[in-house]
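Working notes, beginning with the structure itself.
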Amino acid sequence: MNIASVIVDVPTMQTDRPFDYLIPEKWSQMIQPGMRVIVPFGSRNVQGYVVKVKDHSSFPQLKAIREPMDVVPVLNQELMDLADWLTKTTLCFKVSAYQAMLPAAMKAKYEKRFAAVNEEKIADEKVAELFKKKKEITWEEGEKAGLLTSIQKEVKAGTVELIYKVKSKGNKKTVRMIGTRLSAEELSEAASRLKGNAVKQKRLIDVFKQHPGEMISAKELLENANSTSSSLQALIQKGILYEEQKEVYRDPYAQTDFEKTSPFPLTDEQRKAISPIIEALEEEKHETFLLYGVTGSGKTEIYLQSIQKVLEKGKEAIVLVPEISLTPQMVHRFKSRFGDDVAVLHSGLSIGEKYDEWRKILKKEAKVVVGARSAIFAPFENIGIIIIDEEHETSYKQEETPRYHARDVAIKRAQHFNCPVILGSATPSLESFARAQKGVYHLLTLKNRMNHRDLPEVEIVDMREELRAGNRSIFSRSLFEKLKDRVEKGEQTVLLLNRRGHSSFVMCRDCGYVVQCPHCDISLTYHHFSNEMKCHYCGYETIAPSVCPECGSPYIRYFGTGTQKVEEELGKLLPEARVIRMDVDTTRKKGAHETLLRQFSEGKADILLGTQMIAKGLDFPNITLVGVLSADTMLHLPDFRSSEKTFQLLTQVSGRAGRHELQGEVVVQTYTPEHYSIQLAGQQNFERFYQREMIMRKLGSYPPFYYLALVNVSHEDPLVAASVTEKITKFIRSRLSNKTVVLGPTASPIPRINNRYRYQCLIKYKHEPMLSDTLKSILEQYNGQGSYSHLQIAVDINPFVMM
DNA sequence: AGCACGCCGACT
DNA sequence: GTCGGCGTGCTC
């Protein structure tokens, strides 16, 4: 057993298979599947994942593993199998699947360095001088000195060596701990031998006399003893004290106090909903529950009590929350109930913090993980339940490879562990609700709010009427009246500006010219802060024009109401109102979210103004008014889910009002008040919406009636892109059943990105066993190199974004 | 992905 | 003649 099969960190079609390596004698006992190793690959060193240890290879000339990167496997067998499944279902590379399962800190970084091996013989003077100061320089340093070609000549001559280094991003954080091996008496004696003026050293010894046998961090010690590090160093030198590096976790929640909570008594309705879950837990059987409960109906308490049960059985729980940093309240509730058993994984943490939380899970120091999408891969080995809150959220679908949906992964893992999955939502996705209707999922319903308050009253305002009545403001008369009233009464308001699909573009009011990206077929987005125009797709930047480049008119300005503009407007109309603005600009800094929300909850503002990010999870007692400024902006996007998204957003945001003692009110402003998703969101009638939307989906042959797969082809030459897509589409048609709908080739909604022309083929199918093989052979044929080397093909099975 | 190898056009 | 462009194929 001295050969390891390794998947190397080279994400291409032709390297997406194991390569065999010899395991050097000294590591023969320790190398196991699931460990990362550094291996030579071609002329460089790369990171690799051991998938198998064996004693035979058909390859005659094996190279040896350079170095192990782990002492224990970072991926267990279950996760390795899960990676295989991910590879098959999403058509991604093995490495990509492994990398998706591990914290970003474990992704390798590569560095090229030059080292002088024979300094005297270096021919080029400039190069020799460079290596006089340092024996080793990085590639970048060589480049900066402008000597790359000369250095490369020296490499050929053998005087300089090119080294490929694999570096890990993850650093364990350590703390210096100080202790003593001496007894109290010995310490006193040692202290008496010190010079009389060594008071600082004596004070240090005193600390250990009071706490014999304990270790204390150097920082704390110096503070307690009011001493200095040089005194400490002296004592260590003398052998009186000793130091040790202790590994510590960075704890992002260290500053926060969590008041312990106990389970709340459940309402009848909640008790009825939780009992099938408890039953599944007891019987250790896999079942997927759809917990459909109106906003404020107490879904979280059901999660908490189910987890309680799981922990009592000595098992672990995964809770997924959409972009969790948005809901510090949620984290708070889990931490308060389960204390240090909870690990938190979300995008707001630094790479190091995420790495630490992940290691807590691996070392079994955490039993519950609360996190965003990728937390579904938490390396637990005895999962008792998986919960996905706000199940309908699109952020559970990853839009880069591996293009997985966390819901699918959850069900796959739960099947392995024979445990239940709970999908919770007030506005379930059509897919999930349809499955619940068919009995594939077990439907659990919570119809009543916990406070027995009615759902808030929703008023839909037709903005066209407002315009006709001469009101050109952003606010309808009704919303403005109510806003004024709340500010006077000291109650709080949430204002949602739905800006998706309607980004701020710059247009000339004289000739209609819109500033576009020169490399992509998309209008540039205006950034007020820097007065720049930026392309979201390729990163192109330019200064915003002050006159129209087309006709020279000075009447060129940006369109699309931004939060900033609304804030200005509020300042004019209601100068006494205190406003907190939450959007990408004001929440970019780490922790900004929490700070702004805390200020709002402490009543330091009357109005919380923001984009989608404020729609979810806020639970403040004093909110009695919710205003949606433009409900229909995303209704007109070329996306079959736009009605569903609109309905969900409006329902979710309405749910923010009147969650406690005070009754809430909602005003929805729109230009299409007759649209069913707005009407039914106004009535908070999910069932009706579901029926209505299902008809639309059936007519369009969309999910949940059909599954989708999208093939996206891009090339710098539009003719090549079109003709290849044509070929691919024909090929797909020939291979799939005639019940499957194959659409295309068509130009993508964004026909050009970064000067690459994009065409696509959309497949709608119900049952298509050949699909995966067909798509895979397309990838193999075209995505490899050869005559199609400039072609890029991306396959998305069950896409959420059709761009 | 990188990198070497090999084949063609533009220079000292 | 050679330097360097890019197209092609390989990495245990």
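Reminder, nothing fancy here: chain letters follow the sequence lines and each chain counts from 1.
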Heavy atoms from C-beta onward define the side chain here; which of C:dT11, C:dG7, C:dC12 lies closest to that of A:His790?
C:dG7

Could you tell me the separation between the CZ atom of A:Phe41 and the C1' atom of C:dG9, rounded to a whole number of Å?
12 Å

Quick one: is the NZ or CZ of A:Arg17 closer than 6.0 Å to the six-membered ring centre of A:Phe19, and within 45° of its axis?
yes

Could you tell me whether A:Lys360 sits above the aromatic face of A:Tyr249, with NZ or CZ closer than 6.0 angstrom to the six-membered ring centre and within 45 degrees of the axis?
yes

Taking atom P of C:dC12 as reference, at what distance in whole Å does atom NZ of A:Lys63 sit?
4 Å

Could you tell me the separation between the CG atom of A:Leu148 and the C1' atom of C:dG4, rounded to a whole number of Å?
15 Å

Please identify each residue that fulfils side-chain contact (heavy atoms from CB on, under 4.5 Å) with A:Glu726, with sequence neighbours left out.
A:Lys730, A:Pro745

When you compare the ring of A:Phe19 with the six-membered ring of C:dC12's base, are the centres less than 5.5 Å apart and the planes under 30° from each other?
no

Report the distance from atom CD of A:Gln47 to atom P of B:dA1, rounded to the nearest whole Å.
17 Å

Rounding to an integer number of Å, can you tell me how far A:Lys156 NZ sits from C:dG4 C1'?
11 Å

Need one value for A:Pro18: base, sugar-phosphate or nothing, where a base atom within 4.0 Å counts as base even if backbone is also close, heavy atoms only.
nothing

Going by side chain to side chain contact (heavy atoms under 4.5 Å, CB included), A:Asn712 matches just one of A:Arg758, A:Met802, A:Gln792. Which one?
A:Arg758

Take atom CD1 of A:Ile38 and atom C1' of C:dC12, then tell me their distance rounded to the nearest Å.
17 Å

Within this structure, what is the NZ-to-C1' distance between A:Lys52 and C:dC12, rounded to whole angstrom?
15 Å

Donor-acceptor pair, distance only, cut-off 3.5 Å: does the side chain of A:Ser350 make one with the backbone of A:Glu353?
yes

Pair A:Tyr765-A:Tyr706, ring-ring contact (aromatic ring centres under 6.0 Å, His included): steps then yes or no:
CA-CA 5 Å; A:Tyr765 65 100; A:Tyr706 282 83; 8.5 Å; no

Under 3.5 Å, which protein N or O atoms sit close to an N or O of nucleotides 3-5 of chain B? Give each pair with its distance.
from: B:dC3; atom 1: OP1; to: A:Lys112; atom 2: NZ; distance (Å): 3.4
from: B:dC3; atom 1: OP1; to: A:Tyr164; atom 2: OH; distance (Å): 3.3
from: B:dC3; atom 1: OP2; to: A:Lys112; atom 2: NZ; distance (Å): 3.1

Checking all strands, does A:Phe59 fall into the base, sugar-phosphate, or nothing category for heavy-atom contacts under 4.0 angstrom?
base

What does A:Pro40 touch in the nucleic acid at a heavy-atom separation under 4.0 angstrom: a base, only the sugar-phosphate, or nothing?
sugar-phosphate

Tell me the interatomic distance from A:Arg66, atom CZ, to C:dC12, atom P, rounded to whole angstroms.
10 Å

Hey, do the aromatic rings of A:Phe377 and A:Tyr404 have their centres closer than 6.0 Å?
yes

